[in-house]
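Below, each value reflects all heavy atoms present in this structure, side chains not excepted, and no hydrogens, waters or symmetry copies. Since we're looking at a predicted model, the values are computed, not measured. When a residue number appears, it is its place in the shown sequence, counting from 1.
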Amino acid sequence: MMHQIDPEMKACMDACHECHITCLHMAMNHCLEAGGRHAEPQHMKIMADCAQICAVAIDFMARKSEHHRHICRECAEICRACASSCEGLDGMEDCVAACRKCADACDKMAA
């Protein structure tokens with residue numbers, strides 16, 4: 001028998017995956033190439049934090065860890081901080097959207 005992942009958890013894992021890849025790709029490519037405010041340490045750090053916590057949240061959900069709720073709560077908080085950091089920077093719309101979608105999905109999992 002195949003173990004099914006709860007659809008809401010699967011949606012959250014998918015949102016986390018998209019956010020992880022988007023933040024990592026944008027930070028290491030677009031932001032470094034753009035320079036200036038895009039490459040400031042605080043901005044680069046929140047993007048790295050966001051990508052990492054998304055990967056961690058996926059792992060906790062995949063394991064059905066009893067700790068996934070507070071990891072998802074933290075993930076939502078960091079995603080929102082990343083979205084705020086990306087707002088107003090040229091070409092960062094995809095990152096803002098991925099972060100907000102992930103934060104909303106993680107809020108549901110944290111409830």
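Here F60 contributes atom CZ and H70 contributes atom NE2; the two are 6.5 Å apart, rounded to the nearest 0.5 Å. A distance of 7.5 Å separates CD1 in I71 from CD in E74, rounded to the nearest 0.5 Å. To the nearest 0.5 Å, the span separating CD1 on I53 from CD1 on I78 amounts to 4.5 Å. To the nearest 0.5 angstrom, K10 atom NZ is 11.5 Å from D6 atom CG. With rounding to the nearest 0.5 angstrom, the CZ atom of R37 is 11.0 Å from the CE atom of M92. Note: C54 SG to D59 CG = 11.5 Å, rounded to the nearest 0.5 Å.
Residues M13 and A62 share a closest heavy-atom pair of CE-CB, 3.7 Å. Between D107 and A76, the closest heavy-atom pair is OD1-CB, 3.4 Å. Taking all atoms of both residues into account, the shortest heavy-atom contact from T22 to C95 is CG2-CA, 3.8 Å.
Side-chain atoms of E87 and E93, non-hydrogen and from C-beta on, never get closer than 4.5 Å to each other. Residues C102 and C75 have side chains in contact (heavy-atom distance under 4.5 Å, counting atoms from C-beta outward). Between M44 and L32, some side-chain heavy-atom pair lies under the 4.5 Å cut-off. The side-chain heavy atoms of C31 and H43, taken from C-beta on, include a pair separated by under 4.5 Å. Between C50 and C99 there is a side-chain heavy-atom pair separated by less than 4.5 Å. Taking the side chain as every heavy atom from C-beta outward, M26 and M47 approach each other to under 4.5 Å.
Linking Ile, Leu, Val, Met, Phe, Trp and Tyr whenever their side-chain heavy atoms come within less than 4.5 Å puts M109 and I58 in one cluster.
With C72 as reference, M61 is the one residue of E77, M61, M9, K108 to meet the side-chain contact (heavy atoms from CB on, under 4.5 Å) rule.
The backbone N or O of S65 sits less than 3.5 Å from a side-chain atom of H68, completing a donor-acceptor pair. When atom types are taken as modelled, the side chain of R80 and the backbone of R100 share no donor-acceptor pair closer than 3.5 angstrom. H38 places a side-chain N or O within 3.5 Å of a backbone atom of D90 that can act as its donor or acceptor partner. Panel note: side chain H20, backbone A51; a donor-acceptor pair is recorded below 3.5 Å.
Annotation for H30: atom NE2 counts as buried by contact number, over 12 foreign heavy atoms lying within 6.0 Å.
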